[in-house]
Amino acid sequence: MLYQRYIEIGRVCYIRLGEHAGKTCVVVDMVDQKHLLVDGPMSGVPRSTIRLNQVAITDLKIAIPRGCKTNKVRVELTKADISTKFAKTSLSKKAEAKKDKAGLGDFERFKLRVAKTT
Amino acid sequence: SSGINAEWPLRPGGKPLSKTNEKTPIYKMRIFAPDEVVAKSRFWYFLRQLKKVRKVNGEILRLTEVSEKSPTKIKNFGIWVRYDSRSGSHNMYREYRDVMTTGAVTQCYRDMAARHRARAHSIQIMKVAEVKASDCRRSTVQQMHNSKIKFPLPHRILKYNKKSIFVAERPSTMQ
């Protein structure tokens, strides 16, 4: 298949921008070509609409009916164990690495520079 | 964004509503406006057109913001609009998909501005109603009525990487 990842009901997405940046959520419904109705009960994302360009699609997907309730989303997420599966994805690892790098102090940055040049 | 306000004014008399005066008519309107100030202004604007009453002779009894009953349910909205173009006045029926009524009306105003260069002052929202999916008339709305809807994001161009304007290799646009 040319396209592996689709925007579809049940697709797990990673929020790149906005108030809930860095969290994952599940596509519950689609408003239009640019907006999704999204819910992330396990990651603290309230059921809300979000723009498509705020979001990155992951490989993970759960089976939920269109527009289902938050509780059902929570049940399906725990059943599929999305949180551990997502932690293994490269997207998650890169986000972690970026966060660690941003949290470095001056001395740590010096040590990093030295380590890179040797 | 717009908020809905329902307003109740008092008719000419100039006096505040007293319990004994039962004959004074009360009018209520559903106004879409970004804030209270504009809401009141538009209320008087419409009321003047419909009834022989002016702001000076009336009194607003209540101004309340009506909140959305189901803010997490996606709905199809049919909006009946009247707008003034450069050469005349026209009626329109437009459809939008949104989670809130006020969101759909906001979309309508933006859409009218974009497609018809109609400014807010020349637009009158006559009616807003939630429309069942089977009754929708516009294809852009109908195309989302698919319980197994899915689409890829081919050739995804993201704007976030402002640092790298010049790069050695073309960026990957796979989602």
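Note on naming: letters A, B, ... go to the chains in the order of the sequence lines (proteins, then strands), and numbering restarts at 1 for each one.
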Return the option, out of Lys148(B), Arg156(B), Met174(B), with the maximum number of heavy-atom pairs under 4.5 Å with chain A. Arg156(B)

Of the backbone (N, CA, C, O) and the side chain (C-beta and beyond), which part of Pro71(B) lies under 4.5 Å from a heavy atom of chain A, both, or neither? neither

Under the 6.0 Å and 45° cation-pi test, does Arg113(A) pair with Phe110(A)? no

Walk me through whether Lys69(B) and Glu130(B) qualify under salt bridge (charged side-chain N to carboxylate O under 4.0 Å, His left out). CA-CA 12 Å; Lys69(B) 284 203 173 73; Glu130(B) 191 187 329; over 6 Å; no

Highest number of heavy-atom pairs under 4.5 Å with chain B among Arg11(A), His35(A), Met30(A) belongs to Met30(A)

Are Lys132(B) and Asn76(B) close enough that some pair of their side-chain heavy atoms sits under 4.5 Å apart? no

Can you confirm whether the side chains of Lys75(B) and Ser70(B) place a donor and an acceptor under 3.5 Å from each other? yes

Looking at chain B, which one of Ile9(A), Asp29(A), Asn53(A) has the largest number of heavy-atom pairs inside 4.5 Å, strictly under? Asp29(A)

